[in-house]
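Worksheet: one structure, shown below.
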Amino acid sequence: TKLAAFLGVGVPLQDSGVDVLNLISMWQEKHYVWAAMLAGSMAFNGCACAALSGSAGQYFEAALNLATCGAGGSVLTGINCFRLGCKVDSLLVHKLMEAVESAVSLSVAADAIIMAGNAMGYKQLNGTDALLRWCSLGSSCVCLPLVGLDIANHAIFRAGQKRLHLVQHVQHTAGILSLYAFHVSEVLGHLIWVPLTFCLRPAPLLPMSLLVSCVCL
């Protein structure tokens with residue numbers, strides 16, 4: 001459906017777009033550690049998706065993934081799924097790579113919001129910077145549970161008769177929403193790690209603390 005296409009491609013695509021804008025903003029504000037983490041996660045997404053496409057002999061898509069940090073290949077795969085009327089495994093892999101990037105951006109955005117105005121060198125957020133940080137946080141809180149939902153659905157339908165009661169559960173809107181709400185609560189619950197990164201200051205230990213947060217996600 002069009003809704004599935006939007007949720008499967010549109011949401012991760014806009015999440016990547018917000019990451020690009022946050023990367024530019026953080027670089028301009030001279031928060032190089034945050035910018036480096038975002039850039040690294042985007043590079044990982046692009047390289048991993050390019051390797052996936054290249055291994056399947058889709059060299060144009062591989063080049064597109066490298067050029068767009070994984071976003072281009074995800075869109076092409078999503079369009080192909082829309083034409084086929086079903087989701088293919090490669091789309092799930094694209095989403096998993098995007099989820100890695102989204103987990104990093106979630107931790108970085110949350111840390112930036114907490115630190116704003118509370119430490120020397122971190123000015124109070126306002127205007128465009130505040131909008132970008134909160135958009136990144138909100139976007140990741142939507143995108144990551146969607147990936148969790150896709151993984152759960154994939155496992156349920158692959159199990160077939162062994163999980164027949166679960167198959168029937170996720171075929172209804174209420175079942176899908178309850179499963180999605182569970183994954184949302186998991187992501188929001190892990191945000192507690194971000195305030196705990198205060199104990200790992202100063203800045204040289206920041207990448208380590210944020211990495212812990214991302215691994216937990």
What's the shortest heavy-atom distance between Pro145 and Tyr180, and which atoms?
CB-CE1, 3.4 Å

Do you reckon Leu38 sits in the same ILVMFWY cluster as Val20, going by side-chain contacts under 4.5 Å, direct or chained?
yes

Mind checking the CG-CD spacing from Asp129 to Gln124? Nearest 0.5 Å is all I need.
11.5 Å

How about Leu137 and Leu106: do any of their side-chain heavy atoms sit closer than 4.5 Å?
yes

Does atom OH of Tyr32 have more than 12 heavy-atom neighbours from other groups under 6.0 Å away?
yes

Which atom pair, heavy atoms only, marks the closest approach of Trp27 to Ala35?
CE3-CB, 4.0 Å

Do Phe44 and Val18 share a hydrophobic cluster (ILVMFWY, side-chain heavy atoms under 4.5 Å, transitive)?
no

So do Leu146 and His183 actually touch side chain to side chain, heavy atoms under 4.5 Å?
no

Can you give me the closest heavy-atom contact between Ala99 and Leu144, atom names plus distance?
O-CD2, 3.4 Å

Looking only at heavy atoms, what is the nearest atom pair of Val184 and Cys141, with distance?
CG2-O, 4.3 Å

Test your reading of the model: is there a side-chain donor-acceptor pair from Ser25 to the backbone of Leu21, 3.5 Å cut-off?
no

Closest contact, heavy atoms only, Val104 versus Met37:
CG1-O, 3.6 Å

Linked, directly or transitively: Val142 and Leu188 (ILVMFWY side chains, under 4.5 Å)
yes

Begin from the C-alpha positions of Asn22 and Ser105 and carry the test side-chain contact (heavy atoms from CB on, under 4.5 Å) through to its verdict.
CA-CA 9 Å; Asn22 264 300; Ser105 65; over 6 Å; no

Under the side-chain contact (heavy atoms from CB on, under 4.5 Å) test, which residues partner Ser139, sequence neighbours left out?
Gln14, Asp15

Any heavy-atom pair between the side chains of Gln58 and Leu52 that's under 4.5 Å?
no

Measure the SG-NE2 distance between Cys49 and His94 for me, rounded to the nearest 0.5 Å.
5.0 Å

Is the backbone of Glu101 close enough, under 3.5 Å, to the side chain of Asn45 for a donor and an acceptor to pair up by distance?
no

To the nearest 0.5 Å, atom SG of Cys143 lies from atom NZ of Lys95 at 8.5 Å

List the atom of Leu66, the atom of Ala50, and the distance in Å for their closest heavy-atom pair.
CG-CB, 3.6 Å

Between His31 and Met26, is there a donor-acceptor pair closer than 3.5 Å when you use the side chain of the first and the backbone of the second?
no

Can you check whether Leu132's main-chain N or O pairs, donor with acceptor, with Ser136's side chain at less than 3.5 Å?
no

Quiz question: by atom type and distance under 3.5 Å, do the side chains of Ser53 and Glu61 form a donor-acceptor pair?
yes

Please tell me if the side chains of Val147 and Glu98 come closer than 4.5 Å, counting only heavy atoms from C-beta onward.
no

When you measure from the side chain of Ser140 to the backbone N and O of Ser102, does any donor-acceptor pair fall under 3.5 Å?
yes

